[in-house]
Amino acid sequence: MKEYDHKSIEPKWQKKWEDSGMYVASDTSDAKKLYLLVEFPYPSGDGLHVGHVRPYTALDVVARKRRMQGENVLYPMGWDAFGLPTENYAIKTGIHPKDVTKQNTDNFRKQIKSIGISFDWSREINTTDPDYYKWTQWIFLQLYKDGLAYKDKMAINWCLSCKIGLANEEVVDGKCERCGGETEKREKEQWMLAITKYAERLDKDLDDVNYIERVVLGQRNWIGKSEGAEIEFKIKDSKEVMCVFTTRPDTLFGTTYMVVAPEHPFVAEMQKSIKNIDEVRAYLQQTSKKTDIERTAEGKEKSGVELQGIKAINPANNKEIPVFIADYVLAHYGTGAIMAVPAHDERDNEFARKYNLPIVEVVQRPPEKNEETVYTGEGILINSGKFNGVETQRARIAITKEVRGRSKTTFKLRDWVFSRQRYWGEPIPMIYCEKDGWVPVPETDLPIELPEVEKYEPTDDGESPLSTIDEWVNTVCPICGGPAKRETDTMPNWAGSSWYFLRYTDPKNAKAFASTESLKRWMPVDWYNGGMEHTTLHLLYSRFWHKFLFDKGLVPTSEPYIKRTSHGLILADGGEKMSKSKGNVINPNDVVEQVGADTLRVYEMFMGPFDQAIPWSTNSMVGARRFLERVWRAQELISETSLDENLERLLHQTIKKVTNDIENMKFNTAVSTLMVFMNGIEEVGAITKEAYLMLIQLLAPFAPHITEELWESCGQKGSVHETTWPRYDHHKIKETTVTIVVQVNGKVRGSFEAPRDEEKAQLLEVALTIEKVQAHIDGKKVAKTIHIPNKLINIVV
RNA sequence: GCCGGAAUGGCGGAAUUGGUAGACGCGCACGACUCAAAAUCGUGUUCCUUCGGGAGUGGGAGUUCGAUUCUCCCUUCCGGCACCA
């Protein structure tokens with residue numbers, strides 16, 4: 001027998017697979033289709049990370065198993081290659097981002113191939129390829145035509161170090177999501193996408209998809225749907241009305257003051273009536289200087305100023321109430337104004353206490369609730385005129401109706417800031433004409449390609465580097481033919497990834513982003529695995545684009561992904577995140593070199609639950625390697641004798657468990673089950689060839705190279721990956737004898753072997769003969785006995 | 001603060017329609033092989049113990065013949081959101 005030498009085996013089979021094209025998904029097969037997707041990586045200069053290997057291997061295991069079960073599997077890969085690190089590298093070195101991208105993708109491709117993932121490389125895509133981003137631009141134009149893309153001057157989050165505008169989703173703790181630098185608010189004209197028009201459907205349709213719970217919750221939370229009512233308050237001695245949004249119209253009688261956001265136009269409109277206008281202006285100035293971080297950083301101490309001379313009328317009881325401005329009310333949410341009910345809202349309560357405002361309870365507090373806390377729950381109304389005694393849920397509708405309010409649903413979700421003042425992104429295909437305003441580039445002119453530039457840095461005034469190239473910027477208006485200028489902003493790097501899964505179905509189509517036929521064949525994605533960090537960004541954006549395309553009749557389903565799962569991070573040995581600066585990064589290249597791709601794969605599947613973060617342990621990895629070596633050596637144990645009865649049962653149990661565990665992503669227990677079977681083979685010391693070949697098949701999805709080699713050396717023809725997945729015989733799984741556990745008062749006192757399905761009376765008889773059992777019931781009366789078939793006898797004394 | 005998730009040997013983890021806690025792997029100890037070492041193989045490995053047993057799945061109560069699993073309260077850790085009316 002040869003030694004197990006991964007260095008010769010792995011490249012050998014990788015080449016055979018590539019030459020045979022056996023992982024190319026068929027566009028003509030009648031077999032059941034299965035579209036498996038992992039997030040395509042940003043090809044960074046650091047190369048592949050062991051963290052990439054986990055999800056790629058996991059769905060590769062599923063892909064290989066399902067192919068063996070006869071399905072036509074599409075499992076593609078590509079590159080999400082626009083982005084800042086490449087651009088920053090270009091700024092530093094002067095090398096064109098295109099060249100950097102080429103180097104990086106070549107490296108990534110080579111690395112991924114070295115771990116034997118069965119991607120269909122014939123469908124490889126790259127978001128920076130003009131043939132690809134032509135269609136990203138095309139989709140933008142369709143959004144524009146439908147009024148879903150618009151330009152707006154607005155306060156955006158500005159990253160001081162990237163010199164770039166950021167979407168809200170890209171700001172984390174007031175810091176830039178990408179570089180971690182400080183951000184501030186800045187007024188700037190930006191292209192926006194009206195994702196909020198899809199808020200309701202993005203929320204509701206989560207009911208119909210099979211996403212893991214934490215993804216659904218993350219999206220729901222981000223969309224922030226909230227049902228309530230809009231109610232108008234008259235302003236005393238004025239024609240003005242103030243409209244508020246509330247989720248608790250039932251507490252209207254408890255409204256003792258109102259608050260409007262400092263930015264609310266009401267303040268300017270009413271300035272003549274405001275007696276303390278200087279004080280108000282001082283407050284406005286103070287808050288406008290504050291960033292969101294500062295507003296929240298002050299321990300949430302609420303502040304505000306009363307608008308003296310202004311009174312609002314509570315429509316429920318016609319009482320005059322004061323009006324405040326305070327920065328705890330947000331201008332962009334609801335109507336930018338609230339009715340304050342300090343008895344039943346914690347924020348209002350805090351504010352009312354600080355400014356000595358009346359607090360009127362209108363919902364009866366249940367007796368068990370602490371009187372110190374603000375009661376925000378449901379109950380029976382009090383101090384509410386004719387609504388006294390009504391239950392809060394019903395009162396919401398009744399009071400809203402009484403004061404002519406209207407039901408209203410609001411969302412936290414805000415429109416998507418789509419402009420970036422950067423070079424390395426898709427140019428936004430719009431032209432500005434003095435006469436005609438913003439004009440879309442004609443579709444026949446797409447793609448608008450990125451021009452060559454000398455400097456990649458954004459300009460000091462925050463404009464894109466494209467703005468300095470006059471011959472590119474200056475163009476003619478598609479409508480009037482007069483002089484006009486191109487938009488120099490580019491798209492954010494979420495653009496290309498918002499539809500890439502569609503392109504895989506028909507990657508070379510020059511007439512459409514994908515043909516209807518291809519889309520019908522492959523969509524929707526059956527199973528999409530990716531990181532939790534993309535729950536509110538990529539996943540929401542791509543669902544939005546897909547729903548838009550569905551509305552246009554361009555894709556066959558309203559949801560792009562049927563099932564979404566998520567992998568846990570791989571941490572460094574000590575449990576910290578792997579990072580270059582800490583020097584604790586494990587390079588998959590080194591691992592493949594030293595112990596082989598199969599060992600790496602088996603280890604990553606075995607290390608722990610797939611959805612859980614887990615520390616890397618090079619020590620533990622040797623267990624995976626030892627296991628493969630034992631499988632290798634077990635060739636020697638193949639003998640002509642018939643299969644041991646216990647081993648046969650174990651084999652069928654193994655087939656069942658591995659088959660189920662793969663589908664449930666319990667890869668760790670699938671591998672351990674294979675190990676148990678291997679232990680069984682060694683214990684018996686012999687195995688039939690047939691049973692050994694089944695072990696090879698079950699292991700094949702996890703360790704595709706060594707199993708090919710073993711399959712071949714056992715004299716089998718063709719690839720193990722093209723064989724039929726083993727089936728188990730449920731008759732052969734059942735044990736003929738079972739271990740019966742004997743308990744006395746619930747404590748284990750002994751056990752014995754008995755034939756399967758033995759009667760209780762017989763079992764009890766045997767149980768009572770056990771010495772230890774006798775010792776524990778000695779002199780006591782047996783109250784009752786409990787029998788769980790084929791499991792245990794419990795004697796209660 | 002709110003919403004999720006988690007807590008099991010020296011370590012990663014396994015086991016739930018409630019039924020032998022610690023599968024599998026790592027590590028460790030001892031033994032075999034070897035001049036020796038590595039590799040490999042074998043045996044053992046939750047803790048305490050007066051060797052009869054006893055305790056034990058973050059802590060405390062409860063339901064049950066029986067609880068890692070179900071209920072209530074609490075602690076700690078991780079992740080997400082954060083003045084959203």
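Letters A, B, ... mirror the listed sequences (proteins, then strands); counts begin at 1. The model shown is predicted, which means the values in this text are computed figures rather than measured ones.
K666(A) comes within 4.0 angstrom of sugar-phosphate atoms only, judged by non-hydrogen atoms across all strands, and of no base. Note on R630(A): only backbone sugar-phosphate atoms sit closer than 4.0 angstrom, heavy atoms only; bases stay farther off. As judged by a 4.0 angstrom heavy-atom cut-off over every strand, I614(A) is placed among residues touching the sugar-phosphate backbone only. Counting non-hydrogen atoms under 4.0 angstrom, S617(A) reaches nothing in the nucleic acid. Within the nucleic acid shown, K791(A) comes within 4.0 Å of sugar-phosphate atoms alone, with no base atom in reach, counting heavy atoms only. Looking at heavy-atom distances under 4.0 Å, T739(A) makes contact with a base. Residue contacts for V796(A): at a heavy-atom cut-off of 4.0 Å it reaches the sugar-phosphate backbone alone, with no base atom in range.
What you find for V215(A) and M532(A) is that their closest heavy atoms are CG2-SD, 3.8 Å. What you find for H6(A) and Q594(A) is that their closest heavy atoms are CE1-O, 3.1 Å. Residues M578(A) and W616(A) approach most closely at CE-CB, 3.8 Å, considering heavy atoms. The minimum heavy-atom distance between A199(A) and L413(A), with the atom names listed, is CB-CD2, 4.0 Å.
Here the separation of G18(B) from A23(B), taken at their P atoms, is 23 Å to the nearest Å. The gap from the C1' atom of C70(B) to that of U17(B) amounts to 12 Å, rounded to the nearest Å. Rounded to whole Å, the C1' atom of G13(B) lies 9 Å from the corresponding atom of U8(B). Comparing the same atom, P, in A6(B) and in C41(B) gives a spacing of 37 Å after rounding to whole Å. Remark: the separation of the C1' atoms in U46(B) and C28(B) is 14 Å, to the nearest Å. Using C1' as the reference atom, U68(B) and U57(B) are 5 Å apart when rounded to the nearest Å. Taking atom C1' on both nucleotides, A85(B) is separated from G4(B) by 23 Å, rounded to a whole Å.
Nearest nucleotide to the side chain of I788(A), out of G27(B), G19(B), C65(B): G19(B). Side-chain atoms of V676(A) lie closest to C24(B) of the nucleotides G4(B), A85(B), C24(B). Closest approach to the F245(A) side chain among G19(B), G12(B), A85(B) is made by A85(B) (side chain taken as heavy atoms from C-beta onward). Side-chain proximity of V748(A) to the nucleotides U20(B), C65(B), G27(B) is greatest for U20(B). Picking from C24(B), C65(B), U40(B) the nucleotide with the shortest atom distance to the side chain of E629(A) gives U40(B). When the nucleotides C24(B), C83(B), A85(B) are ranked by their closest atom to the side chain of D345(A), A85(B) comes out on top. If you check C65(B), A15(B), G27(B) against the side chain of T669(A), the one that comes closest is A15(B). The side chain of N794(A) lies closest to G19(B) when the candidates are A85(B), G19(B), U40(B). Of the candidate nucleotides A85(B), A82(B), U40(B), U40(B) has the atom lying nearest to any side-chain atom of R633(A).
Taking a cutoff of 4.0 Å between a charged side-chain nitrogen and a carboxylate oxygen, R406(A) and E230(A) qualify as a salt bridge. Using a 4.0 Å cut-off between charged side-chain N and carboxylate O, R248(A) and D250(A) make a salt bridge.
Scanning atom types as modelled, one donor and one acceptor separated by under 3.5 angstrom connect the side chain of Q743(A) and the base of G19(B).
The number of heavy-atom neighbours closer than 6.0 Å to CD of E759(A), taken from other residues, nucleotides and ligands shown, is 12 or below.
Stems are defined here as 3 or more consecutive Watson-Crick or G-U wobble pairs with pairing distances under 3.5 Å; those involving RNA chain B are B:1-7 with B:75-81, B:10-12 with B:24-26, B:27-32 with B:40-45, B:46-48 with B:53-55, B:58-62 with B:70-74.
Aromatic ring orientation, F351(A) versus Y328(A): tilted (interplanar angle from 30° to 60°). In this pair, Y4(A) and W632(A) present their aromatic rings tilted. The plane angle is within the 30 to 60° band. Note: F324(A) and Y355(A) have tilted aromatic rings, judged against thresholds of 30 and 60 degrees for the angle between ring planes.
The shortest distance between side-chain heavy atoms of E378(A) and V363(A) does not fall below 4.5 Å. Between V676(A) and L650(A) the shortest side-chain heavy-atom distance falls below 4.5 Å.
Residues from residues 605-613 of chain A lying near RNA chain B, meaning a heavy-atom separation below 4.0 Å, are F606(A), M607(A), P609(A), Q612(A) in numerical order.
Residue R626(A) has a polar side-chain atom (N or O) positioned under 4.0 Å from OP1 or OP2 of U40(B). Applying the 4.0 Å criterion to OP1 and OP2 of A85(B), one finds that K408(A) has every side-chain N and O outside that range. For the pair R749(A) and G52(B), the criterion of a side-chain N or O lying under 4.0 Å from OP1 or OP2 is not met. Proximity of N668(A) to the phosphate of C24(B): no side-chain N or O atom is located under 4.0 Å from OP1 or OP2. Contact annotation: S226(A) reaches the phosphate of A85(B) (side-chain N/O to OP1 or OP2, under 4.0 Å).
Of the two residues near RNA chain B, H776(A) and T246(A), the one whose nearest nucleotide lies more 5' is H776(A). Taking the nucleotide of RNA chain B with the nearest heavy atom to each of N679(A) and G746(A), the more 5' of the two is matched to N679(A).
A67(B) atom P lies 12 Å from atom CD1 of I786(A), rounded to whole Å. When rounded to the nearest whole Å, the span between CG of L217(A) and P of C3(B) equals 11 Å. Rounded to a whole Å, the CE atom of M532(A) is 17 Å from the P atom of C3(B). Rounding to whole angstrom units, CG of residue L792(A) and P of G19(B) are separated by 10 Å.
The NZ atom of K204(A) sits 15.0 Å away from the OH atom of Y198(A) when rounded to the nearest 0.5 Å.
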